[in-house]
Amino acid sequence: EVQLVESGGGLVQAGGSLRLSCAASGFTFGDYAIGWFRQAPGKGREFVATMDVNSNRTYYSPSVKGRFTLARDNAKNMVYLQMNSLKTENTGVYYCVADPRSWTTLMYSDYRPPDGTWGQGTQVTVSA
(Lines give C-alpha, C1' and ligand atoms only; values in the text may rest on other atoms or scores of the structure.)
Protein backbone atom coordinates (compact mmCIF):
# COMPACT_ATOMS: atom_id res chain seq x y z
CA GLU A 1 0.00 0.00 0.00
CA VAL A 2 1.41 3.35 -1.06
CA GLN A 3 1.74 5.71 1.87
CA LEU A 4 2.89 9.30 1.48
CA VAL A 5 3.16 11.77 4.36
CA GLU A 6 3.75 15.40 3.49
CA SER A 7 5.28 17.96 5.86
CA GLY A 8 7.11 21.26 5.92
CA GLY A 9 4.31 23.64 5.08
CA GLY A 10 3.71 26.86 6.96
CA LEU A 11 3.20 30.59 6.77
CA VAL A 12 5.80 32.62 4.91
CA GLN A 13 6.01 36.10 3.49
CA ALA A 14 6.13 36.68 -0.23
CA GLY A 15 9.69 36.32 -1.45
CA GLY A 16 10.50 33.75 1.20
CA SER A 17 11.32 30.05 0.96
CA LEU A 18 10.01 26.75 2.23
CA ARG A 19 11.08 23.15 1.76
CA LEU A 20 8.38 20.53 1.65
CA SER A 21 9.13 16.91 2.45
CA CYS A 22 7.30 13.70 1.64
CA ALA A 23 8.03 10.42 3.39
CA ALA A 24 7.18 7.39 1.26
CA SER A 25 6.56 3.82 2.35
CA GLY A 26 4.76 0.66 1.32
CA PHE A 27 6.19 0.33 -2.17
CA THR A 28 9.47 0.10 -4.10
CA PHE A 29 10.24 3.80 -4.08
CA GLY A 30 12.94 3.68 -6.74
CA ASP A 31 10.47 2.29 -9.31
CA TYR A 32 7.96 5.15 -9.06
CA ALA A 33 7.73 8.54 -10.69
CA ILE A 34 7.16 11.27 -8.13
CA GLY A 35 5.63 14.68 -8.14
CA TRP A 36 3.76 17.47 -6.35
CA PHE A 37 0.36 19.03 -6.83
CA ARG A 38 -1.26 22.09 -5.27
CA GLN A 39 -4.84 22.86 -4.43
CA ALA A 40 -5.56 26.54 -3.95
CA PRO A 41 -8.57 27.62 -1.89
CA GLY A 42 -11.78 26.97 -3.83
CA LYS A 43 -9.98 25.40 -6.79
CA GLY A 44 -9.07 21.95 -8.04
CA ARG A 45 -5.68 20.33 -7.70
CA GLU A 46 -3.11 21.48 -10.21
CA PHE A 47 0.20 20.05 -11.33
CA VAL A 48 3.37 21.58 -9.89
CA ALA A 49 6.31 19.29 -10.72
CA THR A 50 7.28 15.74 -11.63
CA MET A 51 10.44 13.67 -11.97
CA ASP A 52 11.29 10.73 -14.23
CA VAL A 53 12.42 7.76 -12.14
CA ASN A 54 14.91 6.57 -14.76
CA SER A 55 16.65 9.77 -15.83
CA ASN A 56 15.81 12.08 -12.91
CA ARG A 57 14.67 14.60 -15.48
CA THR A 58 12.23 17.09 -14.04
CA TYR A 59 9.35 19.05 -15.44
CA TYR A 60 7.70 22.02 -13.78
CA SER A 61 4.56 24.01 -14.23
CA PRO A 62 5.53 27.22 -16.04
CA SER A 63 4.27 29.20 -13.04
CA VAL A 64 6.95 27.72 -10.75
CA LYS A 65 9.79 26.92 -13.14
CA GLY A 66 13.01 28.56 -12.01
CA ARG A 67 11.75 29.02 -8.45
CA PHE A 68 10.90 25.49 -7.32
CA THR A 69 13.19 22.46 -7.29
CA LEU A 70 12.04 18.87 -7.02
CA ALA A 71 14.38 16.24 -5.59
CA ARG A 72 14.27 12.68 -4.35
CA ASP A 73 16.45 10.63 -2.03
CA ASN A 74 16.01 6.97 -2.92
CA ALA A 75 18.10 5.84 0.05
CA LYS A 76 15.72 7.56 2.46
CA ASN A 77 12.50 7.14 0.47
CA MET A 78 12.00 10.89 0.57
CA VAL A 79 10.73 13.49 -1.88
CA TYR A 80 11.44 17.19 -1.49
CA LEU A 81 10.15 20.40 -3.02
CA GLN A 82 12.32 23.44 -2.45
CA MET A 83 10.24 26.55 -3.02
CA ASN A 84 12.01 29.89 -3.39
CA SER A 85 10.78 33.39 -4.22
CA LEU A 86 7.32 32.42 -3.09
CA LYS A 87 4.32 34.39 -4.30
CA THR A 88 0.86 34.76 -2.79
CA GLU A 89 -0.54 32.68 -5.65
CA ASN A 90 1.53 29.72 -4.45
CA THR A 91 -0.78 29.45 -1.44
CA GLY A 92 -2.57 26.14 -1.12
CA VAL A 93 -2.39 22.57 0.11
CA TYR A 94 0.50 20.67 -1.45
CA TYR A 95 0.22 16.98 -2.18
CA CYS A 96 2.97 14.50 -2.93
CA VAL A 97 2.29 11.66 -5.36
CA ALA A 98 4.10 8.49 -6.37
CA ASP A 99 3.09 6.65 -9.52
CA PRO A 100 4.40 3.47 -11.20
CA ARG A 101 3.33 4.80 -14.60
CA SER A 102 5.31 7.20 -16.74
CA TRP A 103 6.23 10.53 -15.16
CA THR A 104 4.38 12.26 -18.00
CA THR A 105 1.14 10.81 -16.62
CA LEU A 106 1.33 13.31 -13.78
CA MET A 107 1.11 16.16 -16.28
CA TYR A 108 -2.38 15.22 -17.47
CA SER A 109 -5.03 17.74 -16.47
CA ASP A 110 -7.29 14.95 -15.16
CA TYR A 111 -4.56 13.14 -13.27
CA ARG A 112 -5.55 10.86 -10.40
CA PRO A 113 -3.21 8.73 -8.24
CA PRO A 114 -3.23 5.01 -9.13
CA ASP A 115 -5.39 4.09 -6.14
CA GLY A 116 -7.55 7.19 -6.50
CA THR A 117 -6.62 8.65 -3.15
CA TRP A 118 -4.56 11.66 -2.13
CA GLY A 119 -2.59 12.12 1.08
CA GLN A 120 -3.42 14.68 3.74
CA GLY A 121 -1.22 17.30 2.13
CA THR A 122 0.62 20.16 3.79
CA GLN A 123 -0.66 23.73 3.92
CA VAL A 124 1.46 26.54 2.48
CA THR A 125 0.32 30.10 3.05
CA VAL A 126 2.20 32.97 1.44
CA SER A 127 1.31 36.39 2.79
CA ALA A 128 1.76 39.65 0.94
Side-chain angles (χ1 to χ4, degrees):
E1 178 185 1
V2 173
Q3 292 191 335
L4 302 165
V5 179
E6 302 94 337
S7 62
L11 173 63
V12 63
Q13 287 188 327
S17 299
L18 280 175
R19 188 176 83 151
L20 306 184
S21 299
C22 174
S25 62
F27 61 101
T28 304
F29 182 72
D31 290 345
Y32 280 55
I34 51 103
W36 288 90
F37 285 74
R38 175 180 66 240
Q39 186 166 24
K43 297 186 177 181
R45 287 185 186 89
E46 61 178 2
F47 168 80
V48 175
T50 183
M51 176 182 282
D52 177 24
V53 64
N54 295 312
S55 67
N56 282 345
R57 283 187 301 165
T58 52
Y59 181 80
Y60 299 90
S61 165
S63 66
V64 308
K65 188 176 181 180
R67 299 187 295 119
F68 288 15
T69 302
L70 173 62
R72 67 189 296 161
D73 185 333
N74 286 349
K76 297 181 178 179
N77 285 10
M78 293 292 295
V79 182
Y80 304 100
L81 185 68
Q82 178 67 43
M83 306 187 296
N84 299 329
S85 302
L86 282 162
K87 303 177 181 180
T88 56
E89 53 262 42
N90 298 135
T91 292
V93 179
Y94 283 72
Y95 298 89
C96 172
V97 297
D99 200 308
R101 298 169 292 185
S102 169
W103 66 310
T104 57
T105 303
L106 280 68
M107 305 176 197
Y108 295 165
S109 60
D110 60 349
Y111 174 80
R112 294 290 183 274
D115 63 357
T117 62
W118 298 84
Q120 87 286 353
T122 185
Q123 175 71 47
V124 171
T125 303
V126 184
S127 63

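The analysis underlying the following values was restricted to heavy atoms, covering all of them including side chains, and did not include hydrogens, waters or symmetry mates.
The OG1 atom of Thr105 sits 11.0 Å away from atom CH2 of Trp103, with the distance rounded to the nearest 0.5 Å. Summarising the geometry, atom CZ belonging to Arg72 is positioned 10.5 Å from atom SG belonging to Cys22; distances are rounded to the nearest 0.5 Å. Between Thr69 atom OG1 and Met83 atom CE the span is 11.0 Å, to the nearest 0.5 Å. For the atom pair CG of Leu11 and CD of Gln123, the computed distance is 9.5 Å after rounding to the nearest 0.5 Å. The line from CZ of Arg45 to OH of Tyr95 is 4.5 Å long, rounded to the nearest 0.5 Å. Put simply, OG1 on Thr28 and CG on Asn77 are 9.0 Å apart, with the number rounded to the nearest 0.5 Å.
Transitive grouping of hydrophobic side chains (ILVMFWY, heavy atoms separated by less than 4.5 Å) brings Met51 and Phe68 into a common cluster. Leu70 and Val93 fall into different hydrophobic clusters, where Ile, Leu, Val, Met, Phe, Trp and Tyr side chains are chained together by heavy-atom contacts under 4.5 Å. There is a path of hydrophobic side-chain contacts, each under 4.5 Å, that joins Val126 to Val64. Taken together through direct or relayed side-chain contacts under 4.5 Å among Ile, Leu, Val, Met, Phe, Trp and Tyr, Val79 and Val48 form part of one hydrophobic cluster. Cluster annotation: Val12 is connected to Trp36 through the hydrophobic network of ILVMFWY side chains, with a link wherever side-chain heavy atoms come within less than 4.5 Å.
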Requested in this report: Kindly determine whether Arg38 and Val124 satisfy side-chain contact (heavy atoms from CB on, under 4.5 Å), including the steps that lead there.
Outcome: CA-CA 9 Å; Arg38 175 180 66 240; Val124 171; over 6 Å; no
Report task. Just do the side-chain contact (heavy atoms from CB on, under 4.5 Å) check on Val97 and Trp118 with the steps written out, would you? Result -> CA-CA 8 Å; Val97 297; Trp118 298 84; 3.4 Å; yes
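Taking each heavy atom of Gly8 and Leu18 in turn, the nearest pair found is O-CD2, 3.9 Å. Residues Leu20 and Gly9 share a closest heavy-atom pair of CD2-N, 3.7 Å. Nearest heavy atom pair, residue Pro114 against residue Ala98, reads CD-O, 4.0 Å. Scanning all heavy atoms of the two residues, the minimum distance from Phe37 to Leu106 falls at CZ-O, 3.2 Å. The minimum heavy-atom distance linking Asp73 with Phe29 is given by the pair O-CE2, 3.8 Å. Across every non-hydrogen atom of Asp52 and Ser55, the tightest pair is OD2-OG, 2.7 Å.
Classification of the Tyr32-Phe27 ring pair by plane angle, with boundaries at 30° and 60°, yields tilted.
The hydrophobic cluster around Tyr108 extends to none of the other residues, as no ILVMFWY side-chain heavy atom falls under 4.5 Å of it.
Side chain of Gln120 to main chain of Glu6: a donor-acceptor pair is present (N/O by atom type, distance under 3.5 Å, no hydrogens or angles). For the pair Thr50 (side chain) and Ile34 (backbone), a donor-acceptor distance under 3.5 Å is present.
Cation-pi check for Arg101 over Tyr111 is not met; the charged atom does not lie both under 6.0 angstrom from the ring centroid and within 45 degrees of its normal.
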